[in-house]
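Heads up: the structure comes next, in C-alpha cells.
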Amino acid sequence: MGLEGSDTWSFMRDFLDKCGSGGCAVVDGGFATELERHGADLNDPLWSAKCLISSPHLVRRVHLDYLDAGANIIITASYQATLQGFEAKGVSREEGEGLLRRSVELAREARQVYYDRCTKDSCDFLSDDRYWKRPILVAASVGSYGAYLADGSEYSFEFFYMLYVCDRGDYVDAGADLIAFETIPNKLEAQAYAQLLVEEDIRIPAWFSFSCKDETHVVNGDPIQDCASIADSCSQVVAVGVNCTPPRFIHGLISSIKKGTSKPIIVYPNSGETYIAETNQWEKSSGVVEDDFVSYVGKWRQAGASIFGGCCRTTPNTIRGISHAIRTKQLQPQ
Ligand SMILES: [Zn+2]
C-alpha cells in the first residue's frame, strides 16, 4: 500500500507542528566528516558506509551525539552505500542488503538509546510534569548517482534503476521514516528519483535536496527553481531544499526554491569550506568568513525555510546552536 496523497501532504507539516519550535525542525550535521573527526578513515568508494562494516559502534555514537545536540531528524550512514561497492569488498549481495538495513537500524537504535536515557535523566523538556518525547525521524540517505559515477562515465538509466530501485526497498523494510535524496546535482536525477518514487510505489515519503553553485543554480547549472518544480509535482516528496552548499548562497536559494514549490523547505549547508579532491583536504574559501552560520538561521526562517541543519564539516556544536536558536527565538516566516 502506498502513501495516499493527503498523507504525504500532511506528513512533514504534522511533524513540524509536533516539534514544538514554531513549525521548525532540526536535521543533523555533517555525518561523514564527523566520523572522520573521530578518527575514521573514509578514503574509500563507500565513504561513510565503510563504517557500517568496520565500526558500527561509531556510527551509532555519532547519531547519538547529534540527538544529544537537539536533532529532530538523523540521516543514515548510507550516503555512498551500494551493493556494488560492498561486493567490491567481498561482501555478498545478501550481506550487502543486510548492511543497507543495518544503516537504518543503527540510527533507530541510537534514537531508542536517546529516548531511554531521556525518561531516566529527564534530559529533554518537561511539560505539565510529564516528559516530552522530542519527535525524531530516521531519514535513509541516498547520495547522488553522479557522485557514484566519480569516474566521469555517462548516466545510464538501466544502471540507475538497478542501483536505486533494487537496493532501496531495504530501507523501507528496516523501518526508515523517510528517504533523503541528498546532494542532487541536476534536473535529470531529480526527474529519475521522482519517477522511481511513483513507479516503484515506495511506501515512505522523501525529501529532495540539491547541491548548488550560486543563489539560483544547482551545481551542473540547471536552475534550482526548475528542480524545485519537479519535486513539487511528485506527491511523495514532503520537503525540498539544499545541502552541502556554502552558507552564503542559502538566503537567495530559499527565495529561488519558493518560486518552484510551496512544500516545506530544508536547508543544511556545509561549513563554507571547499573540498580539494587532489589533496583530500578542505580549504577555506578565499575572502569569505562563514565559520558560524548559526546566526543566519533567523534570516533563513524569515525567508521561508523550516528545516535547518548542517552538512560536511559541521559538527554537533553547529546543531546545538541551531537547536537553541529555533527553540528560544520561536522564529517565524515573514
Ligand atoms: Zn556534505
Side-chain angles (χ1 to χ4, degrees), residues 26-51 58-59 62-63 65-66 69-71 73-75 77 79-80 141 143-144 146-148 150 180 182-186 209-221 224 241-254 256-257 266-300 303 305 307-325:
V26 184
V27 68
D28 62 14
F31 191 80
T33 51
E34 185 60 13
L35 288 170
E36 280 179 323
R37 233 166 49 91
H38 285 275
D41 173 10
L42 304 187
N43 192 6
D44 190 279
L46 287 172
W47 203 35
S48 50
K50 182 186 160 193
C51 288
L58 184 58
V59 171
V62 170
H63 285 314
D65 286 348
Y66 278 122
I73 306 176
I74 50 176
I75 307 175
Y79 181 80
Q80 244 159 260
S141 170
S144 103
Y148 175 82
E182 303 186 271
T183 332
I184 309 174
N186 56 33
S209 176
F210 297 87
S211 166
C212 299
K213 67 172 185 181
D214 58 29
E215 297 188 342
T216 45
H217 299 96
V218 300
V219 288
N220 88 323
I224 181 83
V242 292
N243 75 292
C244 221
T245 295
R248 64 184 180 280
F249 300 142
I250 300 295
H251 196 269
L253 282 164
I254 295 168
S256 309
I257 291 169
I266 177 167
V267 293
Y268 52 117
N270 58 27
S271 64
E273 296 159 293
T274 310
Y275 181 67
I276 314 291
E278 297 81 51
T279 56
N280 234 342
Q281 303 282 329
W282 290 83
E283 284 181 6
K284 293 249 174 258
S285 306
S286 52
V288 193
V289 182
E290 4 189 36
D291 283 352
D292 185 11
F293 67 73
V294 173
S295 57
Y296 310 157
V297 167
K299 288 258 178 299
W300 296 343
I307 309 163
F308 309 92
C311 204
C312 296
R313 301 274 284 179
T314 67
T315 69
N317 257 345
T318 318
I319 299 315
R320 195 164 287 111
I322 295 174
S323 174
H324 184 257

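Position 1 is the first residue of the sequence, and the numbers go up from there.
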Quick one: side-chain contact (heavy atoms from CB on, under 4.5 Å) partners of A40, sequence neighbours excluded? L35, L42, C51, L58
Name all residues meeting the side-chain contact (heavy atoms from CB on, under 4.5 Å) criterion together with S256; count only those two or more places apart in sequence or in a different chain, and write none if there are none. T216, I224
Please list, chain by chain and in numerical order, all residues satisfying side-chain hydrogen bond (donor to acceptor under 3.5 Å, both in side chains) with T245, sequence neighbours excluded. none
Residues that R313 engages under side-chain contact (heavy atoms from CB on, under 4.5 Å), provided they are two or more places apart: T33, S271, E273, W282
Excluding sequence neighbours, so at least two apart, what forms side-chain contact (heavy atoms from CB on, under 4.5 Å) with S323? V26, R327
I need the minimum non-hydrogen distance between S144 and T183, along with the two atoms involved. CB-O, 3.5 Å
For a 4.5 angstrom cut-off between non-hydrogen side-chain atoms, does Y79 reach F31? no
Hey, does F210 have a side-chain heavy atom less than 4.5 Å from the side chain of L253? no
Scanning both residues in full, the closest heavy-atom pair of A305 with I254 reads CB-CD1, 3.8 Å
Which residues pass the salt bridge (Lys or Arg N to Asp or Glu O under 4.0 Å) test with E34, not counting sequence neighbours? R37
D41 side chain reached by K50 side chain, heavy atoms, under 4.5 Å: yes
Could you check if a side-chain atom of T314 sits within less than 4.5 angstrom of a side-chain atom of F293, using non-hydrogen atoms only? yes
Please report the shortest heavy-atom distance between V218 and N186, naming the atom on each side. CG2-CA, 4.0 Å
Heavy-atom closest pair, residues W47 and C312: CH2-SG, 4.0 Å
Would a 4.5 Å heavy-atom cut-off, applied to side chains only, mark S211 and P185 as touching? no
